[in-house]
Asks: 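Structure provided below as structure tokens; questions to follow.
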Amino acid sequence: LALKEIVLLVQKKNTEVSSKDPSSRAEYMVSAITDLKNNKRRKQDDVYSDKTAKLRKTLGQIKSLAAKSNTAKTSSESSLRISLQDILDADTKGRWWKVGASWVGN
């Protein structure tokens, strides 16, 4: 079937169903299909595609930075081995895992 025929069938069904119980989802679907048939793009779709492109670019940058920082180190070397007990004893034993942290005591 051609797109024009599909649109006509969907609109016909929608008018039959909407006379009983109108649905905003169905109306949106019909308008989206009509816009597709008329080769129109919605402003909302443009906004979402722009946001998606920006997020993909940002994620790609983060991924490449993470890959660069982990090339010289293995995952075990780059991760910090701190136990829960070390965190709980920070007041008495100090925060040894922080760079430049100093603690005076036993």
Asks: Of all the heavy-atom pairs spanning K4 and K37, show the shortest one and how long it is.
Replies: CA-CD, 4.1 Å
Asks: Looking at residues at least two apart in the chain, or sitting in another chain, which of them share a side chain to side chain donor-acceptor pair (under 3.5 Å) with Q61?
Replies: none
Asks: Mind checking whether L59 and K63 have side chains closer than 4.5 Å, heavy atoms only?
Replies: no
Asks: Rounded to the nearest 0.5 Å, how far does CE of M29 lie from CG of N14?
Replies: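 The CG atom of N14 sits 6.5 Å away from the CE atom of M29.
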Asks: Once side-chain contact (heavy atoms from CB on, under 4.5 Å) is applied, do any residues pair with L84, and if so which ones, sequence neighbours excluded?
Replies: L88
Asks: Between OG of S83 and CG of D89, what distance do you get to the nearest 0.5 Å?
Replies: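 One gets 8.0 Å once the value is rounded to the nearest 0.5 Å.
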Asks: Please enumerate all residues that pass side-chain contact (heavy atoms from CB on, under 4.5 Å) together with D50, with sequence neighbours excluded.
Replies: none
Asks: Just how far is it from atom CD1 of I33 to atom CG of L8, taken to the nearest 0.5 Å?
Replies: 11.5 Å
